[in-house]
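Just so you know, these numbers come straight off a predicted model, no measurement behind them.
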Amino acid sequence: MTEDTTTNNANPHIEPKPELEDNGRGTLTFRWPRHNIEAFISHLTQNKSGEISCFIRIKADLFGGVVLPRSHLNLSAARSVATIANSLDRRTNEAYDWRMLLDYIVEMCELKLTEGKPATWLGYSPQIVEPAALFAPYVYANEITLLSADGGTGKTTFLTACLLSYATGAEIIPGLTIPSSGPALFLDWEGNEMVHSQLVARLLAGAGIKTREALLYMRCRGRLADQVEHIYKAVDEYDIKVAGIDSVSWACGGDAESMETVSQYERALSDIGIASINAAHTAKHSDQNKPFGSD
């Protein structure tokens with residue numbers, strides 16, 4: 001009797017075409033059930049030059065779970081695909097033909113982007129689903145909130161008080177509705193840890209709250225777009241649902257009134273994948289009192 005080696009999990013010649021599941025919320029899951037391999041694709045995007053990129057994470061039960069932590073992948077660049085395949089080969093001692101697996105993911109992702117979606121009917125619905133508020137009326141789950149005002153008007157204090165309200169569940173800002181609470185992150189491009197620590201301590205003291213671990217803080221430099229992976233690691237580790245950014249002009253890392261710069265900034269926020277409050281100065285040379293990046 002001839003053994004069917006395709007049923008052996010360690011056989012490198014796995015069935016070529018995976019099952020594909022689209023959860024409708026931006027995550028694609030590719031599965032090879034006979035080998036208990038899963039690949040998770042998120043933030044699948046195509047830039048103006050046509051390049052397609054995403055974040056990828058791969059699990060293989062034969063090796064106890066995750067064999068590739070969340071990594072950025074340029075699907076349009078053969079070198080990027082080869083780098084991921086080589087990394088998987090090293091991690092699994094070439095147990096599978098990872099390059100073949102990735103080639104099918106690339107092909108199916110490209111089709112997913114170009115196939116478009118069918119027309120659907122819109123109309124009255126008796127059950128209108130409202131977005132979930134992290135703290136109403138300002139911030140909703142996975143949404144971008146822009147906080148704009150002139151310099152020196154208290155944006156940083158207000159932003160910090162919002163985050164502390166969510167982190168502690170306390171009504172630090174009167175009238176702020178907090179249906180749930182959890183860890184919050186402050187991404188600081190303008191100040192420093194000592195100065196912000198003093199601000200946090202004063203706000204907590206004023207609210208009568210005594211806790212030494214109220215708000216996660218990260219000092220940032222350069223463009224937000226270049227720090228997505230670094231920030232996401234903290235988001236993933238601490239299960240953060242909301243971050244505050246101070247301020248947009250510095251985090252953009254370029255001409256904050258340029259549509260290209262603003263698009264890169266918004267794409268970075270989307271890649272991080274959580275709600276955010278973004279402090280922005282009003283444009284200096286504008287009669288319309290609009291923030292940077294506004295038309």
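Every residue meeting the side chain to side chain donor-acceptor pair (under 3.5 Å) condition with Glu229, not counting sequence neighbours, appears here in chain and number order: Arg70. Partners of Glu143 by side chain to side chain donor-acceptor pair (under 3.5 Å), not counting sequence neighbours: none found. Residues passing the side chain to side chain donor-acceptor pair (under 3.5 Å) test with Ser87, sequence neighbours excluded: Arg91. By the side chain to side chain donor-acceptor pair (under 3.5 Å) test, Ser247 pairs with Glu190, Ser249, sequence neighbours left out.
Atom OG1 of Thr27 and atom CG of Asp22 lie 8.5 Å apart (nearest 0.5 Å). Note that CD of Glu21 is 11.0 Å distant from CZ of Phe30, once rounded to the nearest 0.5 Å.
By the 4.5 Å heavy-atom criterion applied to side chains, Glu51 and Gln46 are not counted as neighbours. Side-chain atoms of Ser71 and Ile84, non-hydrogen and from C-beta on, do get closer than 4.5 Å to each other. Side-chain atoms of Ile245 and Leu269, non-hydrogen and from C-beta on, do get closer than 4.5 Å to each other. The shortest side-chain heavy-atom distance between Lys112 and Leu28 falls under the 4.5 Å cut-off. Side-chain contact between Ile58 and Trp98: present, with at least one pair of heavy atoms (C-beta onward) separated by less than 4.5 Å. In this structure, Lys59 and Arg57 have side chains that are in contact, with non-hydrogen atoms separated by less than 4.5 Å. When side chains are defined from C-beta on, Thr145 does not count as touching Tyr140, because their heavy atoms never get closer than 4.5 Å. Contact of the Leu102 side chain with the Ile56 side chain is registered, since non-hydrogen atoms from C-beta on lie closer than 4.5 Å.
Taking a cutoff of 4.0 Å between a charged side-chain nitrogen and a carboxylate oxygen, Asp103 and Arg99 qualify as a salt bridge. Here Glu193 does not pair with Arg219 in a salt bridge; the nearest charged N to carboxylate O distance is not below 4.0 Å.
Here the side chain of Ser276 pairs no donor or acceptor atom with the backbone of Asn278 at under 3.5 angstrom. Under the 3.5 Å distance criterion, the side-chain polar atoms of Asn86 are matched with a main-chain donor or acceptor of Ala82. The backbone N or O of Gly222 lies less than 3.5 Å from a partner atom in the side chain of Trp189, making a donor-acceptor pair. Within the 3.5 Å criterion, the main-chain N or O of Ala77 finds no donor-acceptor partner in the side chain of Ser80.
Grouping Ile, Leu, Val, Met, Phe, Trp and Tyr residues whose side-chain heavy atoms lie under 4.5 Å apart, directly or via other members, places Val200 in a hydrophobic cluster with Leu134, Phe135, Tyr138, Val139, Leu147, Phe158, Leu159, Leu163, Leu164, Tyr166, Ile172, Ile173, Leu176, Ile178, Phe186, Leu199, Leu203, Leu204, Ile209, Leu215, Tyr217, Val242, Ile277.
Between the side chains of His196 and Thr160, a donor-acceptor pair is found at a separation under 3.5 Å.
For residues 239-250, every residue pair satisfying the salt bridge (Lys or Arg N to Asp or Glu O under 4.0 Å) rule, not counting sequence neighbours, is listed here: Asp239-Lys241.
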